[in-house]
Every structure is written in structure tokens, then in C-alpha cells.
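Beneath this line is the structure, given in C-alpha cells, with notes to follow.
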Protein chains: 2
Amino acid sequence: MASEPIRLSRSTTREGREKAIFEAARSVFAEFGFKGATTAEIAKRAEIPKANLHYYFPTKEALYRAVTEDVLTAWLEAASSFDESADPQEAIAAYIGAKMDMARADPIGSRIWASEILRGAPVIGDFLETTLLDWIKSRETIIRRWIKAGKLVPMEPRYFFYMIWATTQHYADFEGQMVALNGGKPLSNAQFEKAKAQVIETLLRGVLPAET
Amino acid sequence: MASEPIRLSRSTTREGREKAIFEAARSVFAEFGFKGATTAEIAKRAEIPKANLHYYFPTKEALYRAVTEDVLTAWLEAASSFDESADPQEAIAAYIGAKMDMARADPIGSRIWASEILRGAPVIGDFLETTLLDWIKSRETIIRRWIKAGKLVPMEPRYFFYMIWATTQHYADFEGQMVALNGGKPLSNAQFEKAKAQVIETLLRGVLPAET
DNA sequence: AGAAGAATTGACCGATTGGTCAAACTTATC
DNA sequence: GATAAGTTTGACCAATCGGTCAATTCTTCT
């Protein structure tokens with residue numbers, strides 16, 4: 001009755017192992033931060049010996065960088081959903097929605113970002129000062145154009161983006177707090193969709209001119 | 001020319017030492033989280049030998065608990081600024097303002113809170129499930145009353161509070177990101193006041209009924 | 001089947017971790 | 001000024017840290 005040992009190709013196992021280590025690392029870094037994370041704990045969650053982990057990722061820092069770069073990629077994808085061609089209401093709603101969905105789908109990524117910022121952004125600092133700065137500058141231009149056209153209330157675009165980032169990030173980073181306030185249960189899909197709709201509605205009402 | 005050694009009373013030095021350790025611990029916990037923080041680093045920032053630290057706080061956890069309880073106290077103080085007797089506009093504006101000021105005055109406290117939530121709130125979990133839950137329930141009642149009276153737009157009060165918490169927390173936790181986007185300089189007082197005003201304005205517009 | 005390379009792993013390394021301890025020192029009390 | 005109590009500190013400890021290494025096992029290719 002003993003089943004034959006399953007044979008896996010080299011490349012398949014390599015991919016699988018790397019992915020397992022990667023996911024384990026994400027969860028550990030999100031929970032404990034870079035300094036608090038240990039390669040032993042990551043190896044344990046990946047269900048491999050620690051020495052094997054160091055075969056795929058030579059150092060803890062290399063692993064952390066890989067994880068972090070992945071988070072940046074996801075961030076850029078969500079950023080692209082802010083569409084200049086659309087009217088403000090559509091563009092802003094789509095962007096908030098995309099950010100909320102991202103926080104829901106990948107809270108761990110958000111937490112890694114948060115903990116990286118908390119420790120002074122030694123790894124993504126460069127990204128913040130270049131790519132992110134460029135992104136927000138170009139979006140500020142769009143928002144200002146809309147304000148001038150009377151399509152949005154006068155305001156400082158940057159602080160508006162901070163509100164969006166803050167709120168969407170919150171749904172990932174403070175999930176633990178929300179769970180505690182929700183009777184120990186995570187937000188259901190229905191609850192989350194309602195929250196998302198309300199966030200969009202409130203922020204839109206907050207920046208759209210009163211209807212005439 | 002050698003000045004006499006300054007003599008300090010026992011209780012004075014004790015207070016001073018404890019406070020120095022406490023402040024050093026706050027900054028280290030905020031930066032590295034509980035697990036990433038080391039007593040050696042705390043002692044270094046407090047400018048005392050590590051053994052002396054353990055004389056005042058027997059364990060790292062005891063020190064962390066002391067720091068955390070202090071954060072909770074500050075939180076409760078800000079919470080009390082939400083005044084039931086006032087009209088919604090006043091009450092909400094005052095609460096957001098108080099929260100923003102708190103994030104500005106004590107960003108480290110906010111970061112300790114954030115990193116405690118990130119690791120699953122093992123220490124303040126109890127507080128979340130009791131005091132914080134009670135607080136938000138009672139405030140939800142107030143908000144709902146205002147909604148019924150037509151003073152606020154229909155909404156789920158809880159998600160509104162999440163937006164407030166998210167935004168105010170963001171100004172503390174993501175200060176690093178804001179600095180990077182602000183040409184390497186922290187927000188000036190003027191910038192911060194403008195941001196605060198805009199947050200209040202946007203959120204109020206978001207939940208107040210359109211003027212008739 | 002056998003050689004060659006890739007992957008796995010237990011044992012191990014020096015450095016750092018949280019914490020202890022006894023000896024020395026300082027302040028308060030009589 | 002002597003005794004007691006409170007405080008400070010370097011030396012030290014076992015446990016854990018990130019990382020290494022050589023021996024072994026597995027996969028692929030001829």
C-alpha cells in the first residue's frame with residue numbers, strides 16, 4: 001500500500017521551495033519587522049531546515065530585499081489604476097477601490113511596507129524619493145487641473161492622497177484591531193465591500209463640489 | 001576649576017533614570033518592534049549600563065508593558081475629546097483635531113501602537129476587546145442619533161471612525177514617507193496645520209448633509 | 001550504469017541576545 | 001561616623017542569532 005515517492009523535476013522543486021520560503025518570509029517580516037524576524041522562524045514556517053533556506057537566499061537581507069521589491073511591484077500596479085483620462089469622480093473612485101482591494105488581497109504586503117517605513121525605510125527610501133515622488137507630483141498636476149476646472153473643491157492634493165493611503169493601508173495594517181472590535185471575526189466580504197463603498201463615498205463627497 | 005560633583009537626592013535620580021530608560025525604550029520599541037528591540041540598545045540610548053536598566057525594569061517585557069500602558073493612557077485622553085453634547089460638526093472636528101495633534105506631539109506613541117497591532121496585539125488585545133470596544137459602541141450610538149436627526153448622512157459609524165483613526169495615525173506612522181516626499185524635510189508647523197484643517201474639512205464634507 | 005552537478009541537511013561557528021550576580025559604591029538614618 | 005539600605009556596574013551565563021561547511025542524497029545527462 002506504500003505509494004511511490006512523488007518525483008518532481010528540479011526546476012519545479014526549486015520554484016516551489018523558493019515560493020514557500022518567500023511566503024514564509026513575508027509573513028514573518030510583516031509580523032516582526034526586519035530586525036525581529038529570524039531566519040530560523042522563516043525556515044520553520046517554510047517547513048525546511050534553516051541551512052536550506054540559506055542555499056536559496058544567501059542572507060536574511062537578500063531575502064528581505066526580494067520580499068520588499070515584490071511589494072513595490074504590487075504598489076506600482078495599483079498606482080496605475082489612477083486614470084488621468086477619466087473624470088475625477090471615476091478616477092478617484094477607481095483608485096480608492098483598487099487600493100482597498102489590494103489591502104484586502106495582500107494585507108501582508110501592506111504590513112511589510114508599514115514596518116519598513118517605521119524603521120526609517122532603509123531599503124525603499126530610494127524608491128520613495130524617486131518613483132513615488134514622481135508619481136505623486138504627476139497626480140497632483142492632474143488634481144490641480146480638475147480643481148481649476150471647478151470639478152473638485154480647492155485643496156492640497158497631497159494631503160488628499162495621504163488620506164487615501166492612510167485609509168486603505170489601515171484596512172491591512174490594523175486588521176487585528178478591527179477583528180477585536182468585530183467580535184473576534186475578520187471582516188466578512190459583505191462588511192468589507194460596504195466599508196469600501198463608504199470610504200469611496202465619504203472621500204468623494206469630501207472633495208467634489210456641492211451639486212447645484 | 002573642577003566643579004563639585006552635583007549631588008542629587010535618591011528619589012530625584014531614580015525618577016530621572018526611570019524616565020531616561022522609558023524614553024529610550026519608547027524610541028527603540030517604535031523603531032524595531034518588541035522582538036527587534038534589544039535591551040542593550042535601549043540602555044545605550046539611555047546612556048546607562050545594561051545591568052542598570054534591569055535594576056529598574058526586571059525584564060524587557062516589563063519595560064514594554066510600562067511603555068504600552070502609557071500609550072493607552074494617552075489614547076484615552078484623546079478619546080475623551082469627542083463630546084456628545086456638541087453638535088456633530090463641532091464634536092467631529094474637535095476629535096479629529098485632537099487626534100491629529102496627538103499624532104504630531106507623540107508620533108512614537110502611535111508607532112508603538114501600530115507595531116503592537118502588527119504583531120497581533122498580545123499586550124493590548126484585552127484593551128481592544130473591552131475599553132476600546134465600549135468606547136466605539138457608545139460613540140456609534142451618538143453618531144446614529146445624529147444620522148436619524150438628519151444631521152449626518154446615512155453611514156456605518158464604525159467605518160467613519162476607522163477613516164479618522166487611519167488618517168491621524170498615518171501622520172505619525174508614515175512620517176518617514178512624508179519626509180521623503182517633502183524634500184527630506186519634516187512637515188513644518190504651517191504644513192501640518194494646513195493638513196489638519198484639510199483632513200477635518202474633507203471628512204466633515206464627507207458626512208455632513210449638503211446645505212439646503 | 002555511472003559521472004556530474006544540484007539540492008539537502010546536521011553539526012557547527014563566533015556574535016549577540018535577555019538576564020544574573022556579587023562586589024563596589026552612594027545616600028540616608030541614627 | 002558607623003550601619004543599613006539603595007544603586008551601580010563589569011563580568012558572566014545559557015540560549016539564540018545569522019551564517020558556514022562538508023558530507024550526503026537526489027536529479028539529470030550521456
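Computed from a predicted model, the values in this text were never measured in an experiment. Throughout, a chain's letter reflects where its sequence line sits, starting with A, and its residues are numbered from 1.
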Give a yes or no on whether the ring-centroid distance for B:Phe161 and B:Trp135 is below 6.0 angstrom. yes
Looking at C:dT8, D:dG6, D:dG10, which one has an atom nearest to any side-chain atom of B:Pro49? D:dG10
Set of salt bridge (Lys or Arg N to Asp or Glu O under 4.0 Å) partners for B:Lys44, sequence neighbours left out: none
Using the side-chain heavy atoms of B:Ala40, tell me which of these nucleotides is nearest: C:dT17, D:dT9, D:dC17. C:dT17
Output all residues satisfying salt bridge (Lys or Arg N to Asp or Glu O under 4.0 Å) with B:Glu90, sequence neighbours left out; order by chain, then residue number. none
Send over the distance from A:Ile21 CD1 to C:dA7 C1', rounded to a whole Å. 11 Å
Enumerate donor-acceptor pairs with a distance under 3.5 Å from any side-chain N or O in residues 92-105 of chain B to protein atoms, sequence neighbours excluded.
| unit_1 | atom_1 | unit_2 | atom_2 | d |
| --- | --- | --- | --- | --- |
| B:Tyr95 | OH | B:Trp165 | NE1 | 2.8 |
| B:Asp101 | OD1 | B:Lys196 | NZ | 2.7 |
| B:Asp101 | OD2 | B:Lys196 | NZ | 3.3 |
| B:Arg104 | NH1 | B:Leu187 | O | 3.2 |
| B:Arg104 | NH2 | B:Leu187 | O | 3.0 |
| B:Arg104 | NH2 | B:Asn189 | OD1 | 2.8 |

Measure the distance from CG on A:Leu53 to P on D:dC21 and round it to the nearest whole Å. 17 Å
Identify all pairs in which a protein N or O lies below 3.5 Å from an N or O of nucleotides 19-21 of chain C, and state each distance.
| unit_1 | atom_1 | unit_2 | atom_2 | d |
| --- | --- | --- | --- | --- |
| C:dG19 | OP2 | B:Lys60 | N | 2.5 |
| C:dG19 | N7 | B:Lys50 | NZ | 3.1 |
| C:dG19 | O6 | B:Lys50 | NZ | 2.8 |

Please give, in whole Å, the distance from D:dC17 C1' to A:Phe32 CZ? 15 Å
How close or far is atom C1' of C:dT16 from atom NZ of B:Lys44, stated in whole angstroms? 14 Å
Quick one: is C:dT27 close enough that its OP1 or OP2 comes under 4.0 Å of any side-chain N or O from B:Arg14? no
Nearest heavy-atom pair of A:Ala86 and A:Trp146: which atoms, and what distance? O-CZ2, 3.2 Å
Measuring to OP1 and OP2 of D:dT9, would you say a side-chain N or O of B:Arg17 lies under 4.0 angstrom away? yes
Hey, is the side chain of A:Tyr55 poking within less than 4.0 Å of OP1 or OP2 on C:dA7, counting only N and O atoms? yes
note: A:Asn52, atom CG; C:dT9, atom P; distance rounded to Å ~ 6 Å
Show me the donor-acceptor pairs, under 3.5 Å and distance only, between side chains in residues 47-58 of chain A and residues at least two apart or in other chains.
| unit_1 | atom_1 | unit_2 | atom_2 | d |
| --- | --- | --- | --- | --- |
| A:His54 | ND1 | A:Lys50 | O | 3.4 |

Quick one: label B:Tyr56 by what it contacts on the DNA or RNA (base, sugar-phosphate, nothing), any heavy atom closer than 4.0 Å. sugar-phosphate
How would you label the contact of A:Ala37 with the nucleic acid (heavy atoms, under 4.0 Å): base, sugar-phosphate, or nothing? sugar-phosphate
I'd like to check the salt bridge (Lys or Arg N to Asp or Glu O under 4.0 Å) partners of A:Glu69; sequence neighbours left out, ordered by chain and number. none
Report the distance from atom NZ of A:Lys35 to atom C1' of C:dG18, rounded to the nearest whole Å. 12 Å
